[in-house]
*Asks:* 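Mind having a look at this structure? Questions to follow.
Naming convention: chains lettered A, B, ... in sequence-line order (proteins, then strands); numbering from 1 in each chain. Note: hydrogens, waters and symmetry copies are ignored here, and every other heavy atom, side chains too, is used.
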Protein chains: 2
Amino acid sequence: MKILIVEDEQPLLKSITSYFSEENYVCEGVATFNEAIEKVHLYDYDCILLDITLPDGNGLKILEALKAQKKAQGVIIISAKNSLDDKINGLDLGADDYLTKPFHLSELNARVKAVIRRKKFDTNDVIELGNIQINLLQRVAFANQTPLNLTRKELDILLHLIANKNYVVSKSSLAEQLWGDHIDQVDSFDFLFTHIKNLKRKLSGASARVEIKTVYGIGYQLLET
Amino acid sequence: MKILIVEDEQPLLKSITSYFSEENYVCEGVATFNEAIEKVHLYDYDCILLDITLPDGNGLKILEALKAQKKAQGVIIISAKNSLDDKINGLDLGADDYLTKPFHLSELNARVKAVIRRKKFDTNDVIELGNIQINLLQRVAFANQTPLNLTRKELDILLHLIANKNYVVSKSSLAEQLWGDHIDQVDSFDFLFTHIKNLKRKLSGASARVEIKTVYGIGYQLLET
DNA sequence: CTTCAACAATGAGAATTTTCATGATTTACA
DNA sequence: TGTAAATCATGAAAATTCTCATTGTTGAAG
């Protein structure tokens, strides 16, 4: 997951960046209107955190620019508490969520997760990746026309990996996805290993053109092949 | 679950009330400061939705009153969009969440759920009910000192029933609790019946002083005996 | 008071999930 | 490099969860 943080207050920018880096996001932070415009044209992000009160231009302009190119990233607007009317404008212009300062980083985190999820999955009921197709409504997956017969947990893992395609997903992130907040510190990832093994077997058995690469000590990474 | 809605705009009050009734909450709605104060002193609520711009007094006063008596209900403040500074005051005065108009009822619903959950469970790691004890951290349950050996799903069901003690919990509500948003419309509750059966067996087997009463056509209800 | 249809309980078996013991790989570091 | 410790893969067994067929119950309508 890659996010762009547009924020002119340096301390806040730093704390957001370090928080989300900690959460295993790839973060880029910029402090000015021009940098933001440039980044947005050059790279793809999964989510953009946008402070709309920038010194060299109104952040809403960036929102318009984002809408013009139609990439699939989510946008969360951050604003100072005295500019609330921007909320209406921002949401109208296509932002996905809105947060006023001051806020807790955990709240921002929750919203980023929600926005990314919505963007990735909610709109289309069928996900395609390489020769894999997943019908989210029926929760069934195919590789070429043939069903993969994934179990619930296997599908959950696959979806989480697809949502973070090309990025390394930590074991604890996967565990959280599978088990919600039931357990804070999982003492063993045995069950994960097993599910990953079975998932890999089914995928390669159906000659799916994806690879689940294991990243030693960290987690797993899904790549198209 | 019982909630009090304090809101002077009649149409909004009605729509909130009907929405949450639909969601199987017991709702009471009042439109004035005095009514609210009275209700709050007479009854216990799990959550109070509080519009702080009332005609006959500032809603924040109610918050103070709530803090004075220390019942365990959650409070969510609702305010018009131009009174944002109330947010700080409200949260300082002990509100649990804050929402500005206009909002989606589903968002309000999500926050109510979150607040109730936090209030019910997060603070103390051990729940007691009758002769039942549940350690939430280890997720183990006892009746008198002996372990009930509940499985994950059984414990989830029991917790959801305890959270709604004395109220009838619909089957779909339980199913959602067990399965998250995986399935929208469950076609069969067979798995629920089975888990309930096993849970009942384990509870009575350990002579726990609670009863899971089945409410024909609706769901289940947990009572102390 | 019956009868009927919808709903719920039950037990058995199938499928999935989890645990565990063992063996293979990777990495750090001497 | 070589070795040890940590991490991961694997297969089999145990535990849990889910499905299904059957039986029992409930409440509404005649």
*Asks:* Side chain to side chain contact (heavy atoms under 4.5 Å, CB included) with A/Ser173: which residues, sequence neighbours excluded?
*Replies:* A/His160, A/Val169, A/Ser170

*Asks:* Go along nucleotides 4-10 of chain D 5' to 3' and tag each nucleotide: B for a protein heavy atom under 4.0 Å from its base, S when only backbone or sugar atoms are that close, - otherwise.
*Replies:* --BSSSB

*Asks:* How long is the line joining CZ of B/Phe191 and P of C/dT17, in whole Å?
*Replies:*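 Nearest whole value for this atom pair: 14 Å.
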
*Asks:* Measuring to OP1 and OP2 of C/dT17, would you say a side-chain N or O of A/Thr151 lies under 4.0 angstrom away?
*Replies:* yes

*Asks:* State, to 0.1 Å, how close B/Ile212 and B/Lys200 come at their nearest heavy-atom pair, and which atoms those are.
*Replies:*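 Here B/Ile212 and B/Lys200 meet closest at O-CE, 3.1 Å.
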
*Asks:* Give a yes or no on whether a salt bridge exists between A/Arg209 and A/Glu224, defined as a side-chain N under 4.0 angstrom from a carboxylate O.
*Replies:* no

*Asks:* Could you tell me how far apart B/Leu192 (CG) and C/dA9 (C1') are, to the nearest whole angstrom?
*Replies:* 13 Å

*Asks:* Give me the ring orientation class for A/His195 and A/Phe191: parallel if the planes are under 30° apart, tilted from 30 to 60°, perpendicular past 60°.
*Replies:* perpendicular

*Asks:* Just how far, in rounded Å, is P of C/dA15 from NZ of A/Lys202?
*Replies:* 12 Å

*Asks:* Could you tell me the separation between the CG atom of A/Leu155 and the C1' atom of C/dT16, rounded to a whole number of Å?
*Replies:* 14 Å

*Asks:* Between B/Glu154 (CD) and D/dT16 (P), how many Å, whole number?
*Replies:*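 In whole Å, D/dT16 P and B/Glu154 CD are 8 Å from each other.
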
*Asks:* What pairs with A/Glu9 under side-chain hydrogen bond (donor to acceptor under 3.5 Å, both in side chains), at least two apart in sequence or on another chain?
*Replies:* A/Lys101

*Asks:* Can any side-chain N or O of A/Asp51 pair as donor or acceptor with the backbone N or O of A/Ala31 at less than 3.5 Å?
*Replies:*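 No; judged by distance alone, with no hydrogens or angles, the pair does not exist.
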
*Asks:* Within this structure, what is the NE2-to-P distance between B/His195 and D/dT16, rounded to whole angstrom?
*Replies:* 11 Å

*Asks:* Could you check how far CG of A/Asn198 sits from P of D/dA13, rounded to whole Å?
*Replies:*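 To the nearest whole Å, that distance equals 16 Å.
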
*Asks:* Can you tell me the distance, in whole Å, between the CZ atom of B/Arg152 and the C1' atom of C/dT17?
*Replies:* 8 Å

